[in-house]
Student: 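Sharing a structure below in structure tokens format, with a few things to ask.
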Amino acid sequence: MKQIVFAMTILYATLLSADIERGKKVYEANCAQCHSIRMTGGLGRDFNLVSYTRTKEEIVDYIESPDRQYRKFGYNANAMPTLPLTGDEMDDVADFIDSLQPFKKWMVKKGS
Ligand code: HEC
């Protein structure tokens with residue numbers, strides 16, 4: 001039993017890291033012109049901040065339809081285009097953003 005749990009954990013970690021790698025490529029091709037990952041600024045928020053403050057589900061929601069989500073996310077206007085990504089690409093880029101701040105799991109988020 002222990003071996004099975006161990007094997008599943010390794011498998012899950014391997015699959016997740018493949019998603020993160022693919023998500024990084026999606027990021028570089030579609031998001032990097034507006035969102036930095038080294039706090040260098042840009043039109044949209046740096047993804048390190050997004051990693052701390054948003055869940056993966058929220059990130060996917062935003063990519064799917066920024067024009068419908070922007071008020072809920074606290075913006076007065078929407079400058080982010082709706083990008084023609086597949087569902088898998090959205091999931092992968094959300095995994096990549098989520099992976100930028102691995103220690104956040106140990107922090108208590110406001111309101112949780
Ligand atoms: C043309 C510039 C541009 C591109 C390209 C772009 N964004 Fe954005 N993004 C913005 C701007 C500007 C905002 C602020 C809200 C708005 O204007 O809709 C934003 C907001 C967001 C938010 C909400 C941030 C928050 O926590 O409040 C997320 C999540 C996001 N973008 C993800 C992405 C992802 C993922 C990609 C690539 C697949 C991407 N964006 C591509 C400009 C861009």
Side-chain angles (χ1 to χ4, degrees):
M1 186 61 197
K2 267 188 190 148
Q3 281 95 331
I4 295 175
V5 172
F6 182 69
M8 294 292 283
T9 309
I10 298 286
L11 182 67
Y12 179 73
T14 313
L15 291 175
L16 183 63
S17 69
D19 285 352
I20 293 169
E21 276 308 304
R22 278 197 302 273
K24 187 170 189 202
K25 297 206 175 80
V26 176
Y27 162 74
E28 282 161 358
N30 299 282
C31 324
Q33 65 268 41
C34 298
H35 293 274
S36 62
I37 52 169
R38 299 268 179 269
M39 301 302 278
T40 47
L43 197 57
R45 245 171 223 167
D46 187 283
F47 281 162
N48 289 285
L49 299 175
V50 177
S51 187
Y52 268 118
T53 52
R54 308 290 186 195
T55 64
K56 280 195 220 175
E57 292 73 24
E58 286 173 321
I59 296 168
V60 171
D61 279 353
Y62 207 83
I63 314 169
E64 265 172 353
S65 50
D67 54 332
R68 275 187 279 134
Q69 299 290 331
Y70 73 95
R71 283 190 198 284
K72 198 174 123 193
F73 277 63
Y75 296 97
N76 296 319
N78 164 231
M80 174 165 154
T82 305
L83 299 158
L85 300 179
T86 65
D88 280 351
E89 287 171 328
M90 290 184 202
D91 283 344
D92 291 346
V93 78
D95 280 331
F96 168 65
I97 295 169
D98 191 56
S99 76
L100 292 173
Q101 293 297 327
F103 300 115
K104 68 187 168 190
K105 293 188 178 65
W106 297 327
M107 298 173 61
V108 181
K109 278 192 189 173
K110 225 177 162 182
S112 66

Student: Given the rule in the side chain to side chain contact (heavy atoms under 4.5 Å, CB included) test, do N30 and V93 qualify, once you have shown the distances and angles that lead to the verdict?
Tutor: CA-CA 10 Å; N30 299 282; V93 78; over 6 Å; no

Student: May I ask you to decide if S36's main-chain N or O and T40's side chain share a donor-acceptor pair within less than 3.5 Å?
Tutor: no

Student: Minimum heavy-atom separation for R54 to I59, with atom names?
Tutor: CB-CG1, 4.0 Å

Student: Taking E28 for its side chain and K25 for its backbone only, find out whether a donor-acceptor pair lies under 3.5 Å.
Tutor: no

Student: Does NZ belonging to K24 count more than 12 external heavy atoms closer than 6.0 Å?
Tutor: no

Student: With a 3.5 Å distance limit and no angle check, can you tell me whether E89 reaches the backbone of T86 through a side-chain donor-acceptor pair?
Tutor: yes

Student: Just so I know, are the side chains of D91 and D19 near enough to count as touching, which here means a heavy-atom distance under 4.5 Å?
Tutor: no

Student: Which atom pair, heavy atoms only, marks the closest approach of M90 to V60?
Tutor: O-CG2, 3.9 Å

Student: What distance do D92 atom CG and F96 atom CZ have between them, rounded to the nearest 0.5 Å?
Tutor: 11.5 Å

Student: Hey, what do you get for CG (L100) to CD1 (I20), rounding to the nearest 0.5 Å?
Tutor: 9.0 Å

Student: Using modelled atom types and a 3.5 Å cut-off, is there a donor and acceptor pairing between side-chain atoms of D46 and backbone atoms of M39?
Tutor: yes

Student: Could you check whether the rings of H35 and F47 sit parallel, tilted or perpendicular, using 30° and 60° as the cut-offs?
Tutor: parallel

Student: Just do the side chain to side chain contact (heavy atoms under 4.5 Å, CB included) check on N48 and Y52 with the steps written out, would you?
Tutor: CA-CA 7 Å; N48 289 285; Y52 268 118; 5.6 Å; no

Student: Just jot down the ring pair (Phe, Tyr, Trp, His ring centres under 6.0 Å) partners of F73, sequence neighbours excluded, or say none.
Tutor: Y62

Student: To the nearest 0.5 Å, how far apart are CD1 in I63 and CE in M80?
Tutor: 6.0 Å

Student: What are the two closest heavy atoms between P81 and P66, and how far apart are they?
Tutor: O-CG, 3.6 Å

Student: Using a strict 4.0 Å threshold on nitrogen-to-oxygen distance, state whether D98 and K104 make a salt bridge.
Tutor: yes

Student: What distance do R45 atom CZ and S51 atom OG have between them, rounded to the nearest 0.5 Å?
Tutor: 13.5 Å

